[in-house]
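Read the structure below first, then the notes.
Keep in mind that what you see is a predicted model, and the values were worked out from it rather than measured.
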Amino acid sequence: MFIAQELRKSNIAEYLLYMWQVEDTIRAFGCSLSRIRREYIDHFDYTEEQKEDEADWFGNLIRMMNQEGCRERGHLQINKVVMMQLQELHQQLLSSSKFPFYNSEYYKVLPYIVELRNHGADKQENEIETCFNSLYGVMMLRLQKKEITPNTQHAVKEISTFIGMLNDYYLKDKQEPLEF
């Protein structure tokens with residue numbers, strides 16, 4: 001909860017990836033709040049009050065996952081909304097002539113997006129979601145200490161730069177609405 005709150009304010013892209021990881025953490029503990037409390041939250045150097053707040057937060061997420069039918073896979077509606085906001089901003093930036101650097105960066109990563117879609121990515125997902133899925137996938141490979149090919153590393157570096165630019169525009173738009 002504490003990390004999510006900070007990331008939501010400072011880096012929406014990292015926030016979304018973090019929330020996906022939280023969803024997977026909840027699944028790894030069988031959507032059991034008692035296990036999450038005992039085997040996860042209690043390992044943090046938090047006060048008892050902070051541990052209670054964290055447990056309440058996880059409990060609410062578990063309840064939402066149950067209600068929204070994403071215990072096994074998929075994402076919470078709160079995370080889908082963030083993805084939709086990023087996709088809408090992406091479309092606005094692309095359709096405006098006021099953001100040539102963003103357009104340039106998009107066309108630089110477009111071949112990677114096309115390649116990801118051709119190699120098993122869900123063809124129904126939008127381009128931004130494809131980018132996030134690739135970043136999350138590589139993050140998981142790194143956590144598992146699995147090899148990442150040089151081509152994948154290069155693609156992820158380019159995608160990270162692009163998503164970083166989208167993140168910056170998102171934050172600017174939240175502070176003072178962008179003029180398209």
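Ring-plane geometry between F44 and Y46 is classed as parallel, the angle between the planes falling under 30 degrees on a 0 to 90 degree scale with a further cut at 60. Using cut-offs of 30° and 60° for the angle between ring planes, the F180 and F99 rings count as tilted.
The closest donor-acceptor contact from the side chain of E68 to the backbone of Q77 lies under 3.5 Å. The main-chain N or O of L178 is found under 3.5 Å from a side-chain atom of D173 such that the two form a donor-acceptor pair. A donor-acceptor pair under 3.5 Å is formed between the side chain of E54 and the backbone N or O of M1. Side chain of R71 to backbone of R27: no donor-acceptor contact under 3.5 angstrom is found. S96 places no side-chain N or O within donor-acceptor distance of the main-chain N or O of Q92, the cut-off being under 3.5 Å. Counting only distance, with no hydrogens or angles, the side chain of S10 and the backbone of E6 share a donor-acceptor pair below 3.5 Å. Within the 3.5 Å criterion, the main-chain N or O of K172 finds no donor-acceptor partner in the side chain of Q175.
F132 pairs by the ring pair (Phe, Tyr, Trp, His ring centres under 6.0 Å) definition with nothing, not counting sequence neighbours.
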What verdict does the salt bridge (charged side-chain N to carboxylate O under 4.0 Å, His left out) test give for E14 and R8, after you've listed the backbone C-alpha separation in whole Å, the side-chain angles of each residue and the deciding distance to 0.1 Å?
CA-CA 8 Å; E14 286 184 17; R8 180 136 182 124; over 6 Å; no
Intermediate values then yes/no, side-chain contact (heavy atoms from CB on, under 4.5 Å), D24 and Y136:
CA-CA 11 Å; D24 282 345; Y136 188 75; 2.5 Å; yes
Test side-chain contact (heavy atoms from CB on, under 4.5 Å) on I36 and I62; report intermediate values, then the result.
CA-CA 10 Å; I36 291 170; I62 291 167; 3.7 Å; yes
For Y102 and D168, run side chain to side chain donor-acceptor pair (under 3.5 Å): C-alpha distance rounded to whole Å, both residues' side-chain angles, the deciding distance at 0.1 Å, then the answer.
CA-CA 11 Å; Y102 184 83; D168 292 345; over 6 Å; no
Show, in sequence, the C-alpha distance, side-chain angles and deciding distance for Q21 and M140, and conclude whether the side-chain contact (heavy atoms from CB on, under 4.5 Å) test is met.
CA-CA 9 Å; Q21 190 174 18; M140 290 296 104; 4.3 Å; yes
Show your working on side-chain contact (heavy atoms from CB on, under 4.5 Å) between W57 and V22 and close with a plain yes or no.
CA-CA 11 Å; W57 183 68; V22 167; 4.0 Å; yes
Verdict with supporting geometry, H90 and Y106, side chain to side chain donor-acceptor pair (under 3.5 Å):
CA-CA 9 Å; H90 166 69; Y106 167 70; 4.9 Å; no
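When all heavy atoms of S97 and P100 are compared, the closest pair comes out as O-CD, 3.9 Å. N167 approaches I12 most closely through the heavy-atom pair OD1-N, 2.8 Å. Between C131 and I163, the shortest heavy-atom contact is CB-CD1, 3.7 Å. Residues T47 and Q50 share a closest heavy-atom pair of N-OE1, 2.9 Å. Contact between L135 and S160 at its shortest, heavy atoms only, is CD2-OG, 3.3 Å.
Under the 4.5 Å side-chain criterion, counting only non-hydrogen atoms from C-beta, E129 is not in contact with Q87. At a threshold of 4.5 Å between non-hydrogen side-chain atoms, the residues N11 and Y18 do not count as touching. A heavy-atom distance below 4.5 Å is not found between the side chains of T149 and H154.
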What pairs of donor and acceptor atoms, side-chain ones from residues 79-86 against any protein atom, are under 3.5 angstrom apart with sequence neighbours left out?
{"from": "N79", "atom 1": "ND2", "to": "E23", "atom 2": "OE2", "distance (Å)": "2.7"}
{"from": "Q85", "atom 1": "OE1", "to": "Y170", "atom 2": "OH", "distance (Å)": "3.2"}

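Seen from the ring of F29, R35 does not count as a face-on cation partner, given the 6.0 Å and 45° thresholds.
The 12-atom threshold is not exceeded at CD of E49, counting heavy atoms of other residues, nucleotides or ligands nearer than 6.0 Å. No more than 12 heavy atoms of other residues, nucleotides or ligands lie within 6.0 Å of NZ in K108, so this atom counts as exposed by the packing criterion.
Here N133 contributes atom CG and I128 contributes atom CD1; the two are 11.5 Å apart, rounded to the nearest 0.5 Å. T25 contributes atom OG1, which lies 10.5 Å from atom CG of L61 (distance to the nearest 0.5 angstrom). S104 contributes atom OG, which lies 11.0 Å from atom CZ of F162 (distance to the nearest 0.5 angstrom). The distance from the CZ atom of R37 to the CG atom of D42 is 5.0 Å, given to the nearest 0.5 Å.
None of L143, I148, I159 except one satisfies the side-chain contact (heavy atoms from CB on, under 4.5 Å) rule with V138; the exception is I148.
N151 and Y112 are not linked by any side-chain donor-acceptor pair at a separation below 3.5 angstrom, with hydrogens and angles left out of the test.
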